[in-house]
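Report on the structure given below.
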Amino acid sequence: MRIVSSAAEMTALSKSAHRAGKSIGFVPTMGALHQGHLSLVRAARDQADVVVVSIFVNPAQFGPTEDFAKYPRSLKTDSAMLEAENSDHLFYPSVEEMYPKDADTWVTVEALSQKLDGQSRPGHFRGVTTVVAKLFNIVQPDFAFFGQKDAAQVAIVTKMTRDLNFDVQIVVCPIVREADGLAMSSRNAYLSAAQRRQATVLSRSLTRVQSLAKQGEHDAATLIAAARQVMAEEPSIKLDYFEIVSPTTLDPVSDISNGALVAVAAYVGTTRLIDNLLLPTSR
Ligand code: PAJ
């Protein structure tokens, strides 16, 4: 696997792959890789000829009081994991390479960026869409792989890809969980042993909604109330939001019969965790 830190060199590699008739599968990440990330790499390996993974802790998507400085960075173990998955190229740019001092252009999906996590993380999705647009231009992928774990990010990147005519197919992969249900996340590393146990309440609240929905409860307000009751079982965890929305517009729905995205975000100590569940249409 080749580690590439220059954007121009990355683009040259992608162009030569395309000239050779090869398709490119791209997995953007911020590193501190776990099985969730690797599931995307495997999907890329299955679907494309050349697999490019990026690791870039993107300062533009962190708020001023957020964890940019302490975000886990582990290039050595990450690159060994990617090597073991037969990735072809690791794009690992510096902040200066991605954001030269005079950079002054942003990509924003206006309305969607204000919904769900966008409400409590102002500017977050502007940072995500700007870096993903730049990465798409640099890597020139045919397919780009994203995890359902970040459901709002999926909706926003899909919208950006359409609105800006990126010639990239977005492939969404299911959430990979720990044995006790906790969604895998690089941020789980911040949790103490006690917090790690408490954190399972997020997935338990979603499971509760899922079983009530299966029993025929279609009213979103009733489902949210039941989920909030489960969340209250861990009083030290501070709920940020629990919402039932359309997976594409991220607007609340009052009835889940046409399918819905059930999304939760909560603070476990100072660590913000998110999780979600896609309910299928029951009509
Ligand atoms: P990061 O949090 O590193 O996640 C990279 C990709 O891995 C995202 O598409 C995310 O949804 C996926 N992922 C994370 N945990 C997962 C899990 N448990 N199961 C399945 N997929 C999972 O998301 C970002 O980085 C950044 O915002 C990025 C898109 C790289 C832009 O900076």
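No hydrogens, no waters, no symmetry mates; every other heavy atom, side chains included, goes into these values. It should be emphasised that the depicted structure is a prediction, and the values quoted were computed from it without experimental measurement. Ligands are counted one by one from 1 in listed order, and the atoms in each one are counted from 1 as well.
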Numbered atoms of ligand 1 (with element) below 4.0 Å of [X], judged on heavy atoms:
X	answer
M184	15 (N), 16 (C), 17 (C), 18 (N)
V131	31 (C), 32 (O)
H34	14 (C), 15 (N), 16 (C)
T29	3 (O), 5 (C), 30 (C)
G147	8 (C), 9 (O), 10 (C), 11 (O), 12 (C), 21 (N)
I175	19 (N), 20 (C)

Identity and separation of the nearest protein heavy atom to [atom]:
atom	result
atom 5 (C) of ligand 1	P28 O, 3.4 Å
atom 2 (O) of ligand 1	Y71 OH, 4.1 Å
atom 22 (C) of ligand 1	K149 CB, 3.9 Å

Aromatic ring pairing F56/Y99, orientation class (parallel under 30°, perpendicular over 60°, tilted between): tilted
For the residue pair [X] and [Y], what are the closest heavy atoms and their distance?
X	Y	result
P93	M98	CG-CG, 3.6 Å
S186	A32	OG-O, 3.1 Å
C173	L40	CB-CD2, 3.3 Å
A48	I24	CB-C, 3.8 Å
Q140	H18	O-CE1, 2.9 Å

Between NE2 on residue H37 and CD on residue E85, distance to nearest 0.5 Å: 13.0 Å
Proximity of F91 and F26 rings by center, below 6.0 Å: no
Close approach of Q35 to ligand 1, heavy atoms, under 4.0 angstrom: no
contact_flag P174 ligand 1 heavy-atom lt 4.0 Å: yes
Cation-pi check, R73 onto F68 ring (under 6.0 Å, within 45° of axis): yes
Hey, is ligand 1 close enough to [X] that some N/O pair sits below 3.5 Å?
X	value
L40	no
H37	yes
V176	yes

Contact partition for V27 relative to ligand 1, non-hydrogen atoms under 4.0 Å: neither
Mode of D150 contact toward ligand 1 - side chain, backbone, both, neither (heavy atoms, under 4.0 Å): both
Winner among H124, Q153, M30, Q61 once heavy atoms are compared against atom 31 (C) of ligand 1: Q61
Atom NZ of K159: over 12 foreign heavy atoms under 6.0 Å: no
Flag side-chain contact, heavy atom, 4.5 Å: I256 against I244: yes
